[in-house]
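Reading through the structure tokens given below for one structure.
Below, chains carry the letters A, B, ... as their sequence lines are ordered, and counting in each starts from 1.
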Number of protein chains: 2
Amino acid sequence: MTAKKPTIDDVARQSAVARTTVSRVLNGGPNVREEVRERVWEAVRALNYRVNPQARSLAGGQSRTLALILASDLEAQPNSFYASALELGALRECLALGFQLMARPVPQDAPDRRRRVLEVMSVQRCQGVILTPPFADDASLIEDIRREGGHVALISPGGAGRNLADGVGIDDEAGGHDIARHLIQLGHRRFGFISGIVGHLSAEQRFDGLMRALGEAGLAAESVQVARGDFTFRSGIEQARRMLEQSSAPTALICANDDMAAGALSSAHALGLDIPGQVSITGFDDTPVSEIVWPPLSTVHQPLKDMGQAAVRALAGRVSGASRDAPWRFSSLPHQVVVRGSTRAAP
Amino acid sequence: MTAKKPTIDDVARQSAVARTTVSRVLNGGPNVREEVRERVWEAVRALNYRVNPQARSLAGGQSRTLALILASDLEAQPNSFYASALELGALRECLALGFQLMARPVPQDAPDRRRRVLEVMSVQRCQGVILTPPFADDASLIEDIRREGGHVALISPGGAGRNLADGVGIDDEAGGHDIARHLIQLGHRRFGFISGIVGHLSAEQRFDGLMRALGEAGLAAESVQVARGDFTFRSGIEQARRMLEQSSAPTALICANDDMAAGALSSAHALGLDIPGQVSITGFDDTPVSEIVWPPLSTVHQPLKDMGQAAVRALAGRVSGASRDAPWRFSSLPHQVVVRGSTRAAP
DNA sequence: CCGAATGTTGGAAGCGCTTCCAATGAGAGG
DNA sequence: CCTCTCATTGGAAGCGCTTCCAACATTCGG
């Protein structure tokens, strides 16, 4: 079909050195004369040689493969923008660092979710796993992955995870605080909060931040009512309707992510409410969803692509041994309140 | 870190046969006594053995890796729901068939897009590539992939691709026809069509279908004005505004995908128009976007997950040689008009 | 009952790469 | 001038698997 691909031996022959030396050059090893190094690179170019990653993995005992575990209910909500953005950031960094990335959507409530995650270790021989919430705070899962010989990096760990592996995320508490303060400053006094699933600790911190903002403004804890959603658009619709149908409904709905805020928006529209005239609604994440809906959502921007990228970088460091014994490190990335059209002064 | 993983030799020893025999059993080869076969499987279970895909690839000369090329402008519109749905379907089938999948977003207007695509062949050693529009109709790209020894499957080829490789998609012409007829039956007589990028042939067929529906209803070609978008939300906003601001604006906007329809919705809202009271808007694809916006979009459902799955299946057949010499086959999947809240009788 | 055909098994040679270790050459120190 | 280092290079042994081919066992037709 096609001419056989050149191998490292072809390069060795062409540049008149031993295979070992070529390998050294390819991997940036030390102890090769500059002249030889150049000669080898030249041969590589001339032959259009590419290392065979399979062979390299086999020989080196390193698969250079990372897995990204995405919590998702496949049917209900296929990969959301949230997941896509993380994946994209991770993918890019993998490309740059010469790693492979396998994205794996795993339903968070599947009884065999643990097995599904561990399978990437045993079957795909991944060297590292990126865990997103709520998996990011599953201490025993992290332990299991380690037992299989894998490294772990966490996206937005909220609690346990924080001390168990490298992590990356924003300060969710501050994010929740900031968006709440935005609403308080607009004069709102009756709030509704639509939370995410149990176990998604970083999202719960957003609520903590909201409560702190309330306290700082001298508002009672009773000024906010809480409904539990599950991050899906549909749950946003349902919980928002419940709250909005009440006699003294909140004037501001704070949602733990954009999808639920979009659902809340739908419910408000369906009830004939004017947004933001009668009710303000906020999201969280600043995914494209927040721009697509009408009115566009005021939300908290989370640098998802950077987070995916940072997670890969952390993993790559551990895998290569560069940061072998360094203590777990959580890198906190900046967040930002983005004000769009879904919030306005309280009626 | 962890106990060394068992190898095929461990299984061979444990079941008292030669490595060759174990390999045969593992790969479902012929000529093994039932009794031996069982003995081997038992040893596999006992040792919790998993084949090492890297070693298998190297020895077999088959990487069992497929690539999914997604056209996307990374910055403007990170992986949309469209891409995610395809990826999910493909991923599942790969898992089932024992293939690896690498998703690769490639900007459709990057000058080095061809190189970026071909890189999955040379660097990742993929055996097959799934091309989505507009790459799906790039005859010379298909040829290049073949030259590198890869197989090709196409998602929604519209023209050239149809006769160059296996393909899967819906009947886009009929889809365009059906959604147009829906609008015509509602009494609309002035239409606006927001198209996709040049070269996205399957989307152009949607327009052909629209024109046919017009003709069948005895309406003049002049009853529809066309604006060129690029499938992004933003382009939907812009093109819709232009059309809606005119003195005799269309009463129905037909968009070539959901994202642009969402943009059109935004523009209509911004102009203070009532939807669907004053203007009806339709999308195409039936991605989650169409449910998230308000009012939810009437659109044409495209079974994206099934399409991703079918593409992988086609590729797997070619790779394994099962369908080596079969003629290229286009499988047409059913589409369906989904009526939601964004369409109503013409004012 | 015999040779041929067919079914079943094992031996061994790689696939393309990394890496341990030995070998070589060349300055440095005495 | 002669060891002793250390930088540089090459030889060779695998990594875990597939697969070609030879060896042996079994079956069948005549």
Side-chain angles (χ1 to χ4, degrees), chain A residues 3-40 43-44 47-65 98 100 122-125 127 149 319-321, chain B residues 3-40 43-44 47-65 98 100 122-125 127 149 319-321:
Chain A
K4 229 176 121 12
K5 299 216 163 100
T7 76
I8 195 174
D9 286 320
D10 296 324
V11 176
R13 205 169 312 121
Q14 171 99 8
S15 48
V17 296
R19 186 203 302 184
T20 315
T21 303
V22 177
S23 174
R24 248 179 229 118
V25 173
L26 258 23
N27 296 294
N31 299 344
V32 181
R33 268 184 309 154
E34 195 51 41
E35 181 220 324
V36 174
R37 197 179 291 277
E38 270 174 28
R39 189 142 45 90
V40 170
V44 167
L47 296 168
N48 191 28
Y49 166 80
R50 303 300 172 105
V51 307
N52 179 325
Q54 275 93 32
R56 170 179 285 186
S57 300
L58 182 56
Q62 304 247 318
S63 64
R64 289 189 81 80
T65 297
Q100 317 260 37
S122 63
V123 178
Q124 321 285 355
R125 317 250 156 174
Q127 295 188 272
V319 166
S320 69
Chain B
K4 228 177 125 5
K5 299 213 161 101
T7 74
I8 194 175
D9 285 321
D10 295 324
V11 176
R13 205 171 311 119
Q14 171 99 7
S15 49
V17 295
R19 186 203 302 184
T20 315
T21 303
V22 176
S23 175
R24 250 180 228 116
V25 173
L26 256 25
N27 296 294
N31 298 343
V32 180
R33 267 183 310 154
E34 196 50 43
E35 179 219 326
V36 175
R37 196 180 292 278
E38 272 175 26
R39 189 142 43 92
V40 171
V44 167
L47 295 168
N48 191 28
Y49 166 80
R50 303 300 173 102
V51 305
N52 180 325
Q54 275 93 31
R56 170 179 285 185
S57 298
L58 183 56
Q62 304 247 317
S63 64
R64 289 190 81 80
T65 298
Q100 316 261 37
S122 63
V123 178
Q124 321 285 355
R125 319 251 155 172
Q127 296 189 271
V319 166
S320 69

For this session: Ignoring backbone atoms, establish whether A:Ser23 has a side-chain N or O less than 4.0 Å from OP1 or OP2 of C:dT18.
Result: yes

Exercise. When the distance from CG of B:Asn27 to C1' of D:dT19 is rounded to whole Å, what number comes out?
Worked result: 11 Å

Exercise. Distance from B:Thr21 atom OG1 to B:Arg33 atom CZ, nearest 0.5 Å?
Worked result: 10.0 Å

Exercise. Whole Å only: how far is the CZ atom of A:Arg33 from the C1' atom of D:dA7?
Worked result: 11 Å

Exercise. In whole angstroms, how far is the P atom of D:dC21 from the CG atom of B:Asn31?
Worked result: 16 Å

For this session: Look at all strands and tell whether A:Thr20 reaches a base, only sugar-phosphate, or nothing, counting heavy atoms closer than 4.0 Å.
Result: base

Exercise. Do the side chains of A:Lys5 and A:Arg50 get nearer than 4.5 Å, heavy atoms only?
Worked result: no

Exercise. What residues in residues 51-61 of chain A put a non-hydrogen atom under 4.0 Å from any atom of DNA chain C?
Worked result: A:Val51, A:Asn52, A:Ala55, A:Arg56, A:Ala59, A:Gly60

For this session: Take atom OH of B:Tyr49 and atom P of D:dG16, then tell me their distance rounded to the nearest Å.
Result: 10 Å

Exercise. Does the A:Arg64 side chain pair with the main chain of A:Gly98, one donor and one acceptor, at a distance under 3.5 Å?
Worked result: yes

Exercise. If you check the B:Val36 side chain, which of D:dG11, C:dT9, D:dC20 turns out closest?
Worked result: C:dT9

For this session: Determine: side-chain N/O of A:Thr21 to OP1/OP2 of D:dG10, distance under 4.0 Å, yes or no.
Result: yes

For this session: Report the C-alpha separation of B:Asp9 and B:Arg13 in whole Å, then their side-chain angles, then the decisive distance to 0.1 Å, and conclude whether the side chain to side chain contact (heavy atoms under 4.5 Å, CB included) test is met.
Result: CA-CA 6 Å; B:Asp9 285 321; B:Arg13 205 171 311 119; 4.0 Å; yes

Exercise. Rounded to the nearest Å, what distance is computed from the CD1 atom of residue B:Ile8 to the C1' atom of nucleotide C:dC15?
Worked result: 15 Å

Seminar exercise, completed: Whole-Å distance, A:Glu34 CD to D:dA7 P, equals 16 Å

For this session: List the steps, then state whether side chain to side chain contact (heavy atoms under 4.5 Å, CB included) holds for B:Ile8 with B:Leu26.
Result: CA-CA 10 Å; B:Ile8 194 175; B:Leu26 256 25; 4.3 Å; yes

Exercise. CD of B:Gln100 to CZ of B:Arg125: how many Å apart, nearest 0.5 Å?
Worked result: 15.5 Å

Exercise. More 5' along DNA chain C: B:Arg125 or B:Pro30, using each one's nearest nucleotide?
Worked result: B:Pro30

Exercise. Expressed in angstrom and rounded to an integer, what is the separation of A:Arg24 atom CZ from D:dA7 atom P?
Worked result: 13 Å

For this session: Mind checking the CG-CD spacing from A:Asn52 to B:Gln124? Nearest 0.5 Å is all I need.
Result: 11.0 Å

For this session: Figure out the CG/P separation between A:Asp9 and D:dG11, and round it to whole Å.
Result: 11 Å

